[in-house]
Protein chains: 2
Amino acid sequence: MKYFTNACPARGAGLILPRVKKSGRIIIPRKTIYRLSIYLRCLARLKENGLDTVSSEALAKAAGVKPTQLRKDLACFGTFGTRGLGYDVTELSSRIADELGTSRLQPVILVGVGNLGLALLSYRGFEKEGFEIIAAFDANPRRPRNKQIAQPILGMDVMPKFIAEHGVKMAILSVPAPSAQEVANHLVDCGVAGILNFAPIVLTVPEDVMANNVNLAIELENLSYFIRD
Amino acid sequence: MKYFTNACPARGAGLILPRVKKSGRIIIPRKTIYRLSIYLRCLARLKENGLDTVSSEALAKAAGVKPTQLRKDLACFGTFGTRGLGYDVTELSSRIADELGTSRLQPVILVGVGNLGLALLSYRGFEKEGFEIIAAFDANPRRPRNKQIAQPILGMDVMPKFIAEHGVKMAILSVPAPSAQEVANHLVDCGVAGILNFAPIVLTVPEDVMANNVNLAIELENLSYFIRD
DNA sequence: AAGCGTTTGTGAAATATTTCACAATATTTC
DNA sequence: GAAATATTGTGAAATATTTCACAAACGCTT
Ligand SMILES: NC(=O)c1ccc[n+]([C@@H]2O[C@H](COP(=O)([O-])OP(=O)(O)OC[C@H]3O[C@@H](n4cnc5c(N)ncnc54)[C@H](O)[C@@H]3O)[C@@H](O)[C@H]2O)c1
Ligand SMILES: NC(=O)c1ccc[n+]([C@@H]2O[C@H](COP(=O)([O-])OP(=O)(O)OC[C@H]3O[C@@H](n4cnc5c(N)ncnc54)[C@H](O)[C@@H]3O)[C@@H](O)[C@H]2O)c1
């Protein structure tokens, strides 16, 4: 079992306790969660290739990390390996999936059916990964002629009802930047707790709501910085 | 001036030296670079709103970070503020842009003109941010009927020549996962040093090449983990 | 069933990043 | 122009994350 030093070791008694959430689960570092997602995908490929077991060294290499980091990451929520042999691919997959909570399919909605929104809607890759965009919303809902879209494209007026009825907790936001904050507020009011935002602005959301940004310009800027040496 | 403790403080003499790259520039932490990009965008909005100066508190709030973090980030490469007053918006913008190296426009190519690639190609937002997709390549180059695409869509055969002639250093990769590694290798052979990869696999690239991934399924998985409490 | 080679799990060390606390220095007010 | 007020810049402390180093545990061979 892994332990963290709790806050205030200087003034406090230096007690060592496992760091836990209100819910009782042990806190797993943000970065570790990202990597668990990566491990999960590497394991899926290994399984496709017919492998039954994998060592931390091999899996770490596939994931682009060091073996010790992989083992530390796994140590956050259990011990699954067999010393001298490695990990059972199927078992490790399902343990990580359990921990991430992606064992069941999550319903997601998309708001803003423009250029980008349409591309995301027509992408048939999310289902395999445990997510399903079940509906899209737009201020000006139009069904595109030349694309096969399985999901309904609805007006903003019916969104609150839809979210409540389907228990939607996550949304993809692909509206223009000037509307993004306003739409995000609306989503939060409707009960959405996680927003994946493509608009190039910083969203302000309540404490208990999480907004992750995908900002391609920043990704490019980042690349451009690190490649000049 | 900011200083870092160099490696090996336990065995070494505990010498304090500024950490620098081979090129002579001081190393700026990865995360700081990301945040600098965010600050830059917030400053642009402030300027649009007619503000001349801004305090670290106000800018930090706009960027979603703490004021001390903003100041520490800036301290990596200089001191620009006026105590008691704050920062000059225009000056700080150009200093950050200089540091990031985005003062000049970077040419970028895109490989894989499918659903996602087309959406990115037709996006008119990158120019404002200092990037320009100057051409696209596909194994099966077709010009879409119903979209206005300004850039040429070319076959893979002409890519090496194009990259060499235009001094292209960065590429956006939006081909299907099974082709991604192969195309990435090709790009690297042609001299591309930075790849923004949308395919859901971990790319293997040489040390001196940087591959950043945008994996939407992982972003969604991440959200879904942190919203259940 | 003992020995050997392998690989995990994990405390401790090293490194990295964030936050604190406050001196330094500017502006503003009276 | 002195005092009050505001805000930066930065060592040091706190916290977080990664890496090291190695004992413990397993499978396999003989
Ligand atoms: N297209 C890209 O490749 C790309 C790349 C990076 C970032 N982005 C960002 O993604 C977002 C979407 O980009 P896009 O190119 O698809 O834009 P777009 O203009 O093609 O589409 C925007 C859609 O949002 C809808 N919309 C506008 N206001 C709305 C509101 N208040 N409520 C509901 N729907 C509303 C519009 O009707 C339109 O269908 C933008 O913020 C853009 O900056 C796009
Ligand atoms: N569309 C999305 O919303 C979305 C979302 C997340 C991730 N992705 C990922 O982005 C990538 C592209 O997705 P898409 O939906 O645009 O796929 P797509 O099938 O619509 O387009 C892929 C394009 O790549 C071209 N291509 C295939 N092999 C090639 C090769 N060897 N060299 C050059 N070009 C080649 C094809 O001709 C096609 O035009 C995929 O890896 C996908 O998993 C897409």
Side-chain angles (χ1 to χ4, degrees), chain A residues 1-12 14-19 26-36 39 52-61 63-89 91-92 95, chain B residues 1-12 14-19 26-36 39 52-61 63-89 91-92 95:
Chain A
M1 178 56 79
K2 180 162 156 225
Y3 291 91
F4 299 80
T5 50
N6 265 11
C8 303
R11 281 180 279 279
L15 253 184
I16 306 278
L17 293 167
R19 215 165 51 159
I26 290 180
I27 284 184
I28 298 184
R30 223 171 192 292
K31 288 186 159 185
T32 294
I33 295 296
Y34 257 92
R35 286 192 299 264
L36 289 178
Y39 303 151
D52 289 334
T53 58
V54 66
S55 69
S56 64
E57 186 171 346
L59 181 54
K61 188 167 188 187
V65 302
K66 306 219 167 164
T68 49
Q69 178 150 73
L70 166 59
R71 296 205 296 273
K72 255 290 195 274
D73 284 342
L74 299 182
C76 289
F77 60 100
T79 74
F80 328 105
T82 311
R83 296 178 189 216
L85 186 60
Y87 301 89
D88 181 89
V89 172
E91 195 206 340
L92 185 55
R95 293 297 206 96
Chain B
M1 177 57 78
K2 175 154 158 232
Y3 291 92
F4 298 82
T5 50
N6 265 11
C8 302
R11 280 179 279 279
L15 254 183
I16 306 275
L17 295 166
R19 216 166 51 160
I26 290 181
I27 284 184
I28 298 183
R30 221 171 194 293
K31 288 187 158 183
T32 295
I33 295 295
Y34 257 93
R35 285 192 299 264
L36 288 179
Y39 303 152
D52 289 333
T53 59
V54 66
S55 69
S56 63
E57 185 171 346
L59 180 53
K61 187 166 187 186
V65 302
K66 305 217 165 163
T68 50
Q69 179 151 72
L70 165 59
R71 295 205 297 272
K72 255 290 195 274
D73 284 342
L74 299 182
C76 288
F77 60 101
T79 71
F80 327 105
T82 310
R83 296 178 189 216
L85 186 59
Y87 302 89
D88 181 90
V89 172
E91 196 206 340
L92 186 56
R95 294 297 206 99

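Chain A is the first sequence line, chain B the second, and so forth, proteins listed ahead of strands; every chain is numbered from 1. Please read these numbers as outputs of a predicted model, since none were measured by experiment. As a basis for the values below, the full set of heavy atoms in this structure was taken, side chains included, without hydrogen atoms, waters or symmetry mates.
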Visitor: Taking all atoms of both residues into account, what is the closest heavy-atom pair of B:F77 and B:R95, and its distance?
Guide: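 So the minimum-distance heavy-atom pair works out to CE1-O, 3.9 Å.
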Visitor: Nearest-Å distance, CD1 (B:I28) to C1' (C:dA16)?
Guide: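 About 15 Å, once rounded to whole Å.
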Visitor: C:dT7 C1' sits how many Å from A:L70 CG, rounded?
Guide: 12 Å
Visitor: Between A:Q69 and B:G81, which is nearer to the 5' end of DNA chain D once each is assigned its nearest nucleotide?
Guide: B:G81
Visitor: Starting from C1' on D:dG9, measure out to CG on B:L74 and report it in whole angstrom.
Guide: 10 Å
Visitor: For atom CD of A:E57, is the number of surrounding heavy atoms from other residues, nucleotides or ligands below 6.0 Å larger than 12?
Guide: no
Visitor: With heavy atoms under 4.0 Å as the rule, sort B:T68 into base, sugar-phosphate or nothing.
Guide: base
Visitor: Rounded to the Å, how far apart are B:L85 CG and D:dA4 C1'?
Guide: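 Rounded to whole Å, this separation is 17 Å.
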Visitor: How close or far is atom P of D:dA16 from atom CG of A:D73, stated in whole angstroms?
Guide: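 So the CG-P distance, A:D73 to D:dA16, works out to 16 Å.
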Visitor: Give the nucleotide from the list D:dT17, D:dT19, D:dA12 with an atom nearest to the side chain of A:K66.
Guide: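 Of the options given, the side chain of A:K66 lies nearest D:dT19.
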Visitor: Would you say D:dT8 has OP1 or OP2 under 4.0 Å from some side-chain N or O of B:S56?
Guide: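 Yes, because at least one side-chain N or O of B:S56 sits under 4.0 Å from OP1 or OP2 of D:dT8.
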Visitor: Would you mind telling me which residue lines up with the more 5' stretch of DNA chain D, A:K31 or A:T82, judged by nearest nucleotide?
Guide: A:K31
Visitor: Just how far, in rounded Å, is P of D:dT7 from CG of B:D88?
Guide: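 The answer, rounded to whole Å, is 16 Å.
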Visitor: Any side-chain heavy-atom pair from A:D73 and A:Y39 closer than 4.5 angstrom?
Guide: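 The answer is yes, as the side chains (C-beta and beyond) meet within the 4.5 Å cut-off.
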Visitor: Quickly work out the A:F80 CZ to C:dG9 P distance and round it to whole Å.
Guide: 8 Å
Visitor: Could you please name the option among D:dT18, C:dT18, C:dC20 that lies closest to any side-chain atom of B:R35?
Guide: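 Nearest to the side chain of B:R35 among the choices is C:dT18.
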Visitor: Name the closest nucleotide to the A:T79 side chain, picking from C:dG9, C:dT19, D:dT18.
Guide: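 Among the listed nucleotides, the one closest to the side chain of A:T79 is C:dG9.
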Visitor: To the nearest angstrom, how far is A:F77 atom CZ from C:dT10 atom P?
Guide: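 Distance check: A:F77 CZ to C:dT10 P gives 13 Å.
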Visitor: Can you see which heavy atom on A:K66 is nearest to which on A:A60, and at what distance?
Guide: C-CB, 3.7 Å
Visitor: Taking only side-chain nitrogens and oxygens of B:R71, does any of them come within less than 4.0 Å of OP1 or OP2 of D:dG11?
Guide: no
Visitor: Is there a Watson-Crick or G-U wobble partner for C:dT28 with both distances under 3.5 Å, and which nucleotide is it?
Guide: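 Partner of C:dT28: D:dA3.
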Visitor: Indicate whether OP1 or OP2 belonging to C:dG9 is found under 4.0 Å from a side-chain N or O atom of A:Y87.
Guide: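 For C:dG9, OP1/OP2 do have a side-chain N/O of A:Y87 under 4.0 Å.
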Visitor: Answer yes or no: does a side-chain N or O of B:R83 lie under 4.0 Å from OP1 or OP2 of C:dT28?
Guide: no
Visitor: How close do A:I28 and A:C76 get, heavy atom to heavy atom, and via which atoms?
Guide: CG1-CB, 4.1 Å
Visitor: 5'-most contact on DNA chain C: B:G84 or A:V54, nearest heavy atom basis?
Guide: A:V54
